[in-house]
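Report on the following structure.
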Amino acid sequence: MLGVSLSCKITNIYQNLLSLLDKCKSMLELKQLHAVVISSGLSQDNQFISKILYFSALSYLGDINYSDRVFSQLCSPTIFNWNTIIRGYSNSKIPNHSLSIFLKMLRLGVAPDHFTYPFLVKASSRLLNKETGVSVHAHIIRTGHEYDRFIQNSLIHMYASCGNIVGAQKVFDSIQGKNLVSWNSMLDGYAKCEKMAMAQKVFESMPEKDVRSWSSLIDGYVKAGEYREALAIFEKMRAVGPKANEVTMVSVSCACAHLGALEKGRMIHKYIVDCGLPLTLVLQTSLVDMYAKCGAVEEALLVFRGVSKSQTDVLIWNAMIGGLATHGLVEESLKLFREMQIAGVEPDEVTYLCLLSACAHGGLVKEAWHFFEILSKRGMTPTSEHCACMVDVLARAGQLTTAYQFICQMPIEPTASMLGALLSGCINHKNLALAEKIGRKLIELEPNHDGRYIGLSNVYAVEKRWDDARSMREAMERRGVKKSPGFSFVEISGFLHRFIAHDKSHPDLEETYFMLNFVVLQMKFNCRKDNKERLLNDTLTEDDLHLF
DNA sequence: ATTGATGAAC
């Protein structure tokens, strides 16, 4: 009698422990339960260990390192355990570990099953390495798994991610009984490669469509820079398609951001609220960015302030700091950076880039040097973009010699954007000799870029060297460099109007030019006023003395 | 148990 009741109790404890593991809410809790498991002598009991592995490898609250340690202590892991750890790594920042685990598995003579390969293929997709993907595919064929639809679908995605759209299409064509995931993967493959004609074709041939189909198509148009088309598809989706979700709205708000379509952006925001879509951090970040890019900094701040501090991450801070910076709200931008540090969010490379851009807009040379140095002190390597931004700061401030020296002292070759920043600095601060030198270098660096010829031609124009200016245009035509027309969008009462340089087809042309001339006059007036004040306030720096 | 997607700078 005693034996039966004791074993009942033990079974109860086991069941309780298992259900506690199922309800686990954090790594701390998991570790405590793991400790109970170990002290009960169950450290090799697969029922318990499988759950511990599963949570730490796959939960977004998990810790793949912990699961790796647990895994490596297992005497005889089951195939489920192997798959869990491979899957965990395939979602992690180090997907190549999935492959190492897989190889280890083969060495030990453990046979992978049909669950193993989709994870392994996903890891190869995320590695963006063509050869790895191909050898995984070869292995799949050798082991006779090539007709598994889950595996085939993941192969489509893998080939498309690695840029081999032909390979993706081949796998797609070979599938007997394609399902929605097969079609969506193919569609997304074309959308990712910006082959929108093909993506459109796949979309139209699909026997059924879901949110992901529509979202992939919309996102493809956004990535391809065809923002108006993206918005048009979204309107169609609203009329005849499934309900949009977070991913759809992120793409759509990104399209509005690029178009500067504020009214449309506001409608999108309203739509999100009205549909009761959850305002996730990702979505809030894209709304902040959209409002900032559309010039509505106040509204961007409103969304930003609506996020509770404890839930923010570096991306949304960057979006807001960068947004303030591009609007010349330099003080506010730097203030927000301090706030970010108080909130305990670690700045990253992009944060420093936003700060440098703020400094460039505010003429804050000293502060820029400070941020540039801090970047390295915090263990980050300044990228060519950071250097370009630094050149921009110096060049805008008129410290052309320092900017030039900065470029020469860099351990990396100067990029076009650095020289471009220096060139506009040279033009603005009237160092035309240096401008010409840089302008020539830029054409050498990017002989197929129309803007580079225009850049040098502008230098000549300032000097009134009309023949030289014209020769630049001729050189461009001779080399067959395509001129991309400059255009801009203006949104009036929710309608987007496009203005192309020299295009005279818009019905409100006269009225527009009248207003434009008025604005230009106003700007010139303000500019003269500013310059006068600047001349009264500024002292010349050492650099200026060298150059002028 | 499995496959398909989204945010920040330039």
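Reminder, nothing fancy here: chain letters follow the sequence lines and each chain counts from 1. Basis for what follows: all heavy atoms, side chains included, without hydrogens, waters or symmetry-related copies.
Lys209(A) forms a cation-pi arrangement with Phe203(A), by the criterion of a distance under 6.0 Å to the ring centre and an angle within 45° of the ring axis.
Judged by ring centres under 5.5 Å apart and planes tilted less than 30 degrees, Phe80(A) fails to stack against the six-membered base ring of dA1(B).
In this structure, a donor-acceptor pair under 3.5 Å is present between the side chains of Ser50(A) and Asn46(A). Neither side chain, Asn129(A) nor Asn96(A), offers a donor N or O lying under 3.5 Å from an acceptor on the other.
Counting any heavy atom pair closer than 4.0 Å across all strands shown, Asp210(A) reaches a base atom. Residue Asp148(A) is classed as having no contact, given no heavy-atom separation below 4.0 Å to the nucleic acid.
For the pair Lys192(A) and dT6(B), the criterion of a side-chain N or O lying under 4.0 Å from OP1 or OP2 is met. For dA5(B), one of the phosphate oxygens OP1 or OP2 lies less than 4.0 angstrom from a side-chain nitrogen or oxygen of His157(A).
Atom-to-atom, CE of Met249(A) to C1' of dG7(B) comes out at 14 Å; the value is rounded to the nearest Å.
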Worked check of ring pair (Phe, Tyr, Trp, His ring centres under 6.0 Å) between Tyr159(A) and Phe172(A): CA-CA 10 Å; Tyr159(A) 278 116; Phe172(A) 178 77; over 10 Å; no
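Residue Asp313(A) places no side-chain atom within donor-acceptor reach of the base of dA8(B), judged by atom type and a 3.5 Å distance cut-off alone. Remark: the Asn83(A) side chain and the dA1(B) base include a donor-acceptor N/O pair separated by less than 3.5 Å.
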